[in-house]
Amino acid sequence: MYISEEIRWAAKYPFDSRSKELLELIAYDVSEYTEDDLRFLLDKAYERASKALDHKYRIIWDNDYQEVVTFYLALLIIRGVEEDYIYRVFSDTEARRAYDLLREEEDKNILSIANNLGFKVEVEKDGRFRLSYIEFIKVSRELSAIHWKLYNFKVEAGRVYLNKRNLARLCSQRIKEVIYEMIKNIPSVPEFILSYSNRLRKDKEKMLRKIERYDFSDMGEELFPPCIKWLMDRIGGGLSHPGRFTLVTFLHRIGYNTEDIINVFRRVPDFNERLTRYQVEHILGMKGSRIEYSVPSCKKIKSYGFCFPDENCRYIRHPLQYLIKLKKRERHD
Ligand code: SF4
């Protein structure tokens, strides 16, 4: 492949392993982007990061080289904000951008991305893709739309049949995790980049205030939503994986640290501290995939079978909204 084609590829899919190798060859040292003739790339990266936080992205651009470099500089700017929520929104928008590009991609290219993301995909003669049942379940469980239920797909000999659009969507789900990891793994951000990060934090103050406005740490178990109370009541009998997952992510989100969560599980008669710690740390992203999962939505919890709504559940779509509702009521009382 010619270098111009490689740069084109990296501009489209900067998170791909192939692109990372290329970047090492073509990029300058980060500090050089403060020089007068390169500083405009930092401004462009800032614009990319800022727009991504408003869920905006572009799929047409003039200069492939600039497109690649602004992605990497934007990662640094985002990392400097030091806010997990911001990392997630940025990763999500960039994954959507990749999805739009992948849908238009030739089969061999989408296959290359899928394989580099760790999927073992095979192609049928009629152009359909096949993915192992296990891999499909692993990645599609994060997708709540009903058409991602396994019964909507042809399954044969442990393989799930997918069209190009399906495969692109699964890839984008994985891409979101890859980009999030890229941000989290940046060990430190140079001082001159931090000035962009601080500006971004200021520009998005309203967005950040929205997530910081509520402190749930003073909310006792009696105020928990019915689904969570139901899980708490059943800890003693052991919980299913979705049950444990929902409870751990919820408790963590409202301010419980790892030890607090492990203490909650001490109510289990055959409590095994080592195993519980292992499971909790995995769910909180401290071990294994290092992905910090979010609390599932009400729709998801309903599909797990432990949604038992009460009057405060009206018009809410997320268990945290239940607590916000109570908080708001408390303020008005
Ligand atoms: S509506 Fe939501 S918050 Fe209420 S019980 Fe169901 S899942 Fe929980």
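Computed from a prediction, not measured in an experiment: that's the story for all the values here. Read the numbers this way: they start at 1 and go in the same order the structure lists the ligands and their atoms.
- Taking the six-membered ring where the residue is Trp, the centroids of Phe245 and Tyr304 are separated by 6.0 Å or more.
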Can you give the donor-acceptor pairs under 3.5 Å from side chains of residues 33-43 to other protein atoms, not counting sequence neighbours?
| residue | atom | partner | partner atom | Å |
| --- | --- | --- | --- | --- |
| Tyr33 | OH | Tyr28 | N | 3.3 |
| Thr34 | OG1 | Ser31 | O | 2.6 |
| Arg39 | NH2 | Thr34 | O | 3.0 |
| Asp43 | OD1 | Tyr196 | OH | 3.2 |

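- Contact annotation: the side chain of Thr249 never approaches that of Ser294 to less than 4.5 Å [non-hydrogen atoms, C-beta and beyond].
- Thr70 contributes atom OG1, which lies 9.5 Å from atom CH2 of Trp61 (distance to the nearest 0.5 angstrom).
- Classification of the Phe250-Phe224 ring pair by plane angle, with boundaries at 30° and 60°, yields perpendicular.
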Practice problem: List the steps and the verdict of ring pair (Phe, Tyr, Trp, His ring centres under 6.0 Å) for Phe153 and Phe136. | Solution: CA-CA 11 Å; Phe153 293 86; Phe136 176 86; 5.0 Å; yes
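- Take a cut-off of 2.8 Å around atom 8 (Fe) of ligand 1: the protein N, O or S atoms inside it are Cys227 SG.
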